[in-house]
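Working notes for the structure below.
Note that this is a predicted model, so its numbers are computed, not measured.
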Amino acid sequence: MDLKNRLNKNLNKITVSAIRLFDQEVSTIPGIQKLTLGEPNFFTPDHVKQAAIKSIQDNQNHYTHNAGLIELRQAIADFYQEKYALKFRAEDEILTTVGVTEAISTVIYSIIEANDQILIPAPAYPGYGAPILLNGGEIVEIDTRSEGFLLTPYLLDNTLKNSPRAKALILNYPSNPTGASYSREQLAQLAKVISQYNIFVIADEVYSELSYSLEGHHSIAEFIPEQTIILNGLSKSHAMTGWRIGYILAQRELISEFTKTHQYLVTAASTTSQYAALEALRNGKDDPSVMKKAYIERRDFLVKSLKTLNFQVINPAGAFYIFAKIPEFVSLNSHDFLLDFAKKKSFAFIPGSAFGKFGEGYVRISYASSMEVIKSAMSALDDYLKEYLN
């Protein structure tokens with residue numbers, strides 16, 4: 001029996017994330033220090049950990065509602081009302097998920113049918129592609145490199161006019177991998193275009209609390225709530241990557257359908273993690289501020305250092321990534337360049353090719369690492385480039 005030929009043929013269209021593959025590839029290098037993954041070097045706040053411990057001691061270890069604890073959903077609703085002036089009903093407009101990764105899969109599996117087109121501004125986080133392709137959908141990448149990695153109304157409208165089977169646009173901001181984000185006015189302009197088409201906007205706002213603009217973060221749901229599906233979570237804002245808590249906010253008609261898919265994927269998110277998230281959102285609304293201050297300092301150091309080394313850099317408006325264009329004198333592609341650098345200097349970044357064809361020629365550096373590691377990495381990169389030129 002040919003076991004592989006009995007599988008979903010769409011599995012042939014996907015691979016393990018190139019981010020993870022490169023991270024694994026360099027992990028075998030002795031003494032390697034990695035600025036690769038979106039893993040904050042901060043710890044989950046103590047009051048959040050204590051809430052999780054208390055939930056275990058109180059025997060809160062049974063299934064919750066498929067959509068999550070109603071107290072947590074109310075805390076999410078309160079958070080979005082306070083932070084972003086958006087109203088969602090805890091009872092039927094919020095769904096708690098196993099991280100934003102599951103939220104992505106739940107939404108895509110729920111809305112995408114064979115041959116539907118999904119628009120993604122690129123370079124983009126590769127995690128969106130797999131569930132689209134597994135569901136028989138088609139990815140339409142929109143090249144944003146000439147626009148500072150931002151989707152413009154013209155680019156969007158032109159793409160929609162040429163994508164008759166478009167079902168949704170994925171808008172991630174602040175962005176992984178580029179750190180680019182949108183002002184309220186820019187979102188209003190995009191919303192004006194989107195409102196003319198019968199499509200969803202999947203707004204991945206997982207880095208919303210790590211927005212560096214004085215204006216703060218705004219959601220496109222402010223302008224087109226009926227078409228917007230918001231994804232968010234606590235992995236980045238509260239250094240809770242391993243707790244796996246995310247959530248979806250959308251119109252009640254959508255949430256009721258998403259809950260079906262979510263139920264058969266995971267049943268419900270971890271009860272202990274939900275109690276931790278409840279504490280984070282109730283009493284830790286300002287926890288991200290300490291991390292954000294450190295990230296801004298690291299960003300500023302990296303931008304200055306990379307420009308000195310002849311990288312082209314656009315100043316990130318949020319998240320904790322630099323997406324820098326490799327100097328023209330380097331003849332290697334992004335993968336080979338960074339693999340050689342890692343082997344010779346024991347520091348690792350992620351090649352831009354991991355983020356699609358429009359990411360080639362760039363490197364992504366995660367400054368979720370400590371300033372000490374970042375400074376050492378820049379010194380090593382300086383040495384490597386001097387040796388390369390010689």
Side-chain angles (χ1 to χ4, degrees), residues 76-77 79-90 92-95 97 100 103-104 106-108 110-113 116-122 124-125 128 132 137 139-142 144 147 149-175 180-209 211 213 215-233 246-258 317-318:
I76 294 167
F79 182 83
Y80 255 76
Q81 170 77 57
E82 179 181 335
K83 292 281 187 175
Y84 312 124
L86 293 174
K87 293 183 179 180
F88 291 93
R89 285 168 46 91
D92 52 17
E93 293 184 327
I94 298 173
L95 172 62
T97 61
V100 175
I104 293 168
T106 289
V107 170
I108 289 174
S110 298
I111 70 174
I112 303 306
E113 299 173 282
D116 282 343
Q117 295 173 314
I118 308 299
L119 279 52
I120 305 179
Y125 171 62
Y128 305 123
I132 293 170
I139 300 167
V140 178
E141 289 188 292
I142 307 173
T144 64
E147 302 295 340
F149 302 122
L150 290 175
L151 181 63
T152 65
Y154 171 79
L155 278 175
L156 176 58
D157 191 47
N158 189 55
T159 305
L160 283 166
K161 285 176 179 175
N162 292 283
S163 305
R165 293 176 280 107
K167 179 68 75 70
L169 163 71
I170 296 178
L171 201 61
N172 168 220
Y173 61 100
S175 163
S181 197
Y182 298 89
S183 68
R184 184 176 184 274
E185 178 57 32
Q186 288 170 322
L187 290 170
Q189 292 173 4
L190 290 173
K192 187 175 181 179
V193 174
I194 293 163
S195 66
Q196 299 172 37
Y197 295 86
N198 187 27
I199 64 167
F200 293 110
V201 181
I202 303 171
D204 183 349
E205 303 183 2
V206 71
Y207 295 98
S208 62
E209 284 298 281
S211 174
S213 167
E215 180 185 342
H217 177 81
H218 292 277
S219 176
I220 198 167
E222 179 181 341
F223 305 102
I224 43 172
E226 297 85 3
Q227 290 175 266
T228 303
I229 301 161
I230 297 174
L231 314 181
N232 210 328
Y247 50 86
I248 304 169
L249 305 100
Q251 301 291 298
R252 59 181 298 186
E253 295 84 0
L254 296 176
I255 291 295
S256 66
E257 297 303 304
F258 296 159

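- N172 and P174 get closest at one heavy-atom pair: ND2-O, 3.4 Å.
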Output, in order, the C-alpha distance, side-chain angles, deciding distance and verdict of side chain to side chain donor-acceptor pair (under 3.5 Å) for E205 and Y80. CA-CA 11 Å; E205 303 183 2; Y80 255 76; 2.9 Å; yes
Apply the test side chain to side chain contact (heavy atoms under 4.5 Å, CB included) to residues I118 and I139: give CA-CA distance (whole Å), side-chain angles for both, the deciding distance (0.1 Å), then the verdict. CA-CA 5 Å; I118 308 299; I139 300 167; 5.5 Å; no
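- Remark: T159 OG1 to I142 CD1 distance equals 4.0 Å, nearest 0.5 Å.
- Formation of a donor-acceptor pair under 3.5 Å by the Q117 side chain with backbone atoms of V140 is not found in this model.
- In this structure Q227 satisfies the side-chain hydrogen bond (donor to acceptor under 3.5 Å, both in side chains) test with no other residue, sequence neighbours excluded.
- Closest of all the heavy-atom pairs between I220 and A203 is CG2-CB, 4.3 Å.
- Summarising the geometry, atom CD1 belonging to I202 is positioned 4.0 Å from atom CD1 belonging to I111; distances are rounded to the nearest 0.5 Å.
- At a threshold of 4.5 Å between non-hydrogen side-chain atoms, the residues F79 and E209 count as touching.
- For L156, the side-chain contact (heavy atoms from CB on, under 4.5 Å) partners are L119, L151, L160, L169, L190, V193, I194, not counting sequence neighbours.
- Separation of atoms CG (N162) and CG (D157) is listed at 9.5 Å; rounding is to 0.5 Å.
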Could you walk me through whether F223 and L187 pass the side chain to side chain contact (heavy atoms under 4.5 Å, CB included) check? CA-CA 8 Å; F223 305 102; L187 290 170; 4.0 Å; yes
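- Checking side-chain atoms of S175 against main-chain N and O of A180 turns up no donor-acceptor pair under 3.5 Å.
- In this structure, the side chain of S211 does not engage the main chain of S208 through any donor-acceptor pair within 3.5 Å.
- Annotation: side chain of L150 is not in contact with side chain of T144 (no heavy-atom distance under 4.5 Å).
- Annotation: the span from L249 atom CG to I230 atom CD1 amounts to 5.5 Å, rounded to 0.5 Å.
- Side chain to side chain, D204 and Y128 meet the donor-acceptor criterion of an N or O pair below 3.5 Å.
- Considering all non-hydrogen atoms of both residues, F258 and T106 come closest at O-CG2, 3.4 Å.
- Between E93 and K87, no side-chain nitrogen of the basic residue sits less than 4.0 Å from a carboxylate oxygen of the acidic one, so the salt-bridge criterion is not met.
- For the atom pair CD1 (I108) and CD1 (I229), the distance works out to 9.5 Å, reported to the nearest 0.5 Å.
- Within a 6.0 Å radius of CZ in R252, other residues, nucleotides and ligands contribute 12 heavy atoms or fewer.
- The ring of Y182 has its center no closer than 6.0 angstrom to the ring center of H218.
- Ring pair Y207/H217: centre-to-centre distance not below 6.0 Å.
- The number of heavy atoms from other shown groups lying within 6.0 Å of CG (N198) does not exceed 12.
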For V107 and F200, run side chain to side chain contact (heavy atoms under 4.5 Å, CB included): C-alpha distance rounded to whole Å, both residues' side-chain angles, the deciding distance at 0.1 Å, then the answer. CA-CA 10 Å; V107 170; F200 293 110; over 6 Å; no
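- Of all the heavy atoms in Q186 and S183, the pair that sits closest is OE1-N, 2.8 Å.
- A donor-acceptor distance shorter than 3.5 angstrom exists from the side chain of Q196 to the backbone of K192, with no hydrogens or angles considered.
- Shortest non-hydrogen contact noted between S219 and L86 is CB-CD1, 3.6 Å.
- Minimum interatomic distance between P121 and I170 (heavy atoms only, all atoms of both residues): CD-O, 3.0 Å.
- Considering only heavy atoms from C-beta on, Q189 comes within 4.5 Å of P153 through its side chain.
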